[in-house]
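Encoded as structure tokens, the structure appears first; notes follow it.
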Amino acid sequence: MLELASIIIFGILAQWVAWKFKIPAILPLILIGLLVGPISTLFTEDHQKWIQPRWDGERGLFPGDSLFYFVSLAISIILFEGGLTLKQNEIKRVGPAITKLITIGSLVTFFGAGFTAHFLFGLSYEISFLFSALIIVTGPTVIGPILRNIPLRKDVSAVLKWEGILIDPIGALVAVLVFEFISVGEGTGYTKTALIEFGKILLFGTTFGFTFAHALAFTIKKQWIPHYLLNVVSLSVVLLVFVESDIFAHESGLLAVVVMGMVMGNTNLPNIKELLYFKESLSVLLISILFILLAANIEIKDMELVFNWNTAILFAIIVFIVRPIGVFLSSGGSNLKLNEKLFISWVGPRGIVAAGIASLFGTKLVQNGVAGAEYITPLVFTIVLGTVLLNATTARLFAKLLGVFLKNSNGILIVGASQFSRLIAQYLQKNDRHVVLIDSNRENVESAREMGLEAQEANIFAENLSDNIEFSDIGYLMALTGSKEVNKHAIDRFRNQLGENGAFRLITPEEMREPDYQPLEILFSKKDDYINLMEVARDYPKINEIELSSHQQFLKELEALNQVKDTIPVFVKDLDGDLKILANFKKEELKIEDGYKLVYLGKPKEYL
């Protein structure tokens, strides 16, 4: 009982430490696991681990193979949650660079790391390529905390983010297939039996995942499942799919849950957000428990196996040669600059899937007497721990040295994706500004995306909103909703995090009736609240520009526009094309030169 409670307590403590110091949670989790596991044997009188995951005849938490069953089920839930986040439109958006990175880059890692491990450690090709398959993946749970602490250009953060999300199931699938070749080949190589099992994995994995995903989606849409049971029923179906697929084709369950998650994530389900939040919370708990258990399960003799110069050479080749080659081959012909390619090459931490599946497969192969299998778990854990530690401590400094660190955060977050907000965002985007819209209304978000805008369905009151790496270059905040509570909350809560260069909101009807009221954060003018903006956007959905020659003309044109009912001044564009937001307190402070433009929404100039 004490050991079980300790694992949960230590796991949540590690998650808190990771949040506090903005590091990937996997780093403190593995360190705690090693401390209470193999390292503790150096200090205890009887040389016993403080936490013994497997029953050793005297003590332990999991008898027999039950630890592997728990690990398998936990990984299936984690992979299903990862599959839910894969959206077809987002895959298309990130372009050919990410597609090449998860294909060409994966092949480079697979063969480069595999041959290196073979020649350095004398491992068989089967074991060497199982190792290389396991380290293909870079998970979002390790990439996210690193990127959230570094403001980067949108293209760079997008490539790293989506590589981490998309490559998880790919790496897991490749590892499963290599493991199956080793298991059924029984040391005889790639036999006919292995090829048949390979086909069975693909057939049953995709069939079960696809079929059950549509079946569960159908029952959700028909409301055959009560709302309070939705999450637990979905969880039970995921476990059912994993187990049933594994019965028909050994080790096909992981593929089945990834396919199931991908299909459901791209199905228009009314409760998909709630399901995703539930799975995220469950994944955090499972990851916390899983990694302490897996790290604690390692033996001192396993650590001694890889405590040599060959491991250091292997790590250096993977990080400094294999990863850069994969990135540069994948990004050829893209719009990424040399310094951006170098930074992407540097940031490649391995994550949850690599360590979890390595422990599972490595231990199974050791039990089956496969030569060299004892190297799998410690080698993968070394790569995971080393890359996470390296990137978490040096990524920010390396970004500054390479010049990819954004000194000025010029991105704009718009709270509210109404028609008016979409017009403003579209104009900003056309003028080379990174704009993100958030709204809790799904229809508004979909309308924004149809216009080619970056929009997210999100709640401004959500605790983890500012953790989104899409906001890493955000420096301006514009609250444009019809709710004064939402607008004021957005300003009060996120002014320092997302509005460091300026945080603005719309005036309320009550404030409009107070002629002497001069709030500093009011946007555009004191006569235009949400209702006025929406009416103008409905009647005249067009952004117009007026050429300026002097500051006096600017004030004159501004006054004239404010006298017209259906016009709303919004920006001033300078000679370089940069836009300055018109706020209530800055209009007189702006220095206008010949060639500047006054930007407004409403009637075209000829109709004024």
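Throughout, numbering of the chain's residues begins at 1 and tracks the sequence.
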Indicate yes or no for a side-chain donor-acceptor contact from [X] to the backbone of [Y] under 3.5 Å, with no hydrogens or angles considered.
X: Thr387; Y: Val384; value: yes
X: Thr211; Y: Phe208; value: no
X: Asn310; Y: Phe121; value: no
X: Ser40; Y: Trp50; value: yes
X: Thr109; Y: Ile136; value: no
X: Thr207; Y: Phe204; value: no
X: Glu244; Y: Val241; value: no
X: His118; Y: Ser128; value: no

(request) Please lay out, stage by stage, how Val36 and Ile7 fare under the test side chain to side chain contact (heavy atoms under 4.5 Å, CB included). (result) CA-CA 10 Å; Val36 300; Ile7 290 171; over 6 Å; no
(request) Check the pair Arg350, Val388 against side chain to side chain contact (heavy atoms under 4.5 Å, CB included), reporting the backbone distance first and the verdict last. (result) CA-CA 7 Å; Arg350 272 58 179 180; Val388 171; 6.0 Å; no
(request) Take Val347 and Phe398 through the side chain to side chain contact (heavy atoms under 4.5 Å, CB included) test and state the conclusion after the steps. (result) CA-CA 10 Å; Val347 179; Phe398 202 66; over 6 Å; no
Search all heavy atoms of [X] against all heavy atoms of [Y] and return the closest pair with its distance.
X: Val178; Y: Glu126; result: CG1-O, 3.9 Å
X: Lys341; Y: Val327; result: O-CG1, 3.6 Å
X: Thr116; Y: Gly112; result: OG1-O, 2.7 Å
X: Pro28; Y: Ala18; result: CG-CB, 4.3 Å
X: Thr382; Y: Val306; result: OG1-CG2, 3.8 Å
X: Lys200; Y: Phe248; result: CE-O, 3.8 Å

Quick one: pull up [atom1] in [X] and [atom2] in [Y] and give me the separation to the nearest 0.5 Å.
X: Thr393; Y: Asn391; atom1: OG1; atom2: CG; value: 8.0 Å
X: Thr311; Y: Tyr375; atom1: OG1; atom2: OH; value: 8.5 Å
X: Ser132; Y: Ile383; atom1: OG; atom2: CD1; value: 11.5 Å
X: Leu285; Y: Gln15; atom1: CG; atom2: CD; value: 9.0 Å
X: Ile30; Y: Leu294; atom1: CD1; atom2: CG; value: 8.5 Å
X: Leu134; Y: Ile357; atom1: CG; atom2: CD1; value: 6.5 Å

Flag the pair [X] / [Y] as yes when at least one side-chain heavy-atom distance between them is below 4.5 Å, and no otherwise.
X: Leu314; Y: Phe131; result: yes
X: Ile325; Y: Leu329; result: yes
X: Val243; Y: Leu73; result: yes
X: Leu130; Y: Leu365; result: yes
X: Leu305; Y: Leu379; result: no
X: Leu101; Y: Ser331; result: no
X: Leu216; Y: Ser234; result: yes
X: Gln48; Y: Thr41; result: no

Decide if atom [atom1] of [X] counts as having more than 12 heavy atoms of other residues, nucleotides or ligands within a radius under 6.0 Å.
X: Phe10; atom1: CZ; result: no
X: Phe307; atom1: CZ; result: no
X: Phe210; atom1: CZ; result: no

(request) Tell me whether the centres of the aromatic rings in Trp346 and Phe320 are closer together than 6.0 Å. (result) yes
(request) Describe, in one word, how the ring planes of Tyr125 and Phe115 are oriented to each other, choosing from parallel (under 30°), tilted (30 to 60°) and perpendicular (over 60°). (result) perpendicular
(request) For the pair Phe111 and Phe129, name the ring-plane relationship: parallel under 30°, tilted 30 to 60°, perpendicular over 60°. (result) perpendicular
(request) Test Leu385 against Leu389 for side chain to side chain contact (heavy atoms under 4.5 Å, CB included), laying out the working first. (result) CA-CA 6 Å; Leu385 193 58; Leu389 186 60; 5.5 Å; no
(message) Quick test of your reading of the model: are Glu163 and Arg323 salt-bridged, counting only N-O distances below 4.0 Å?
(response) yes
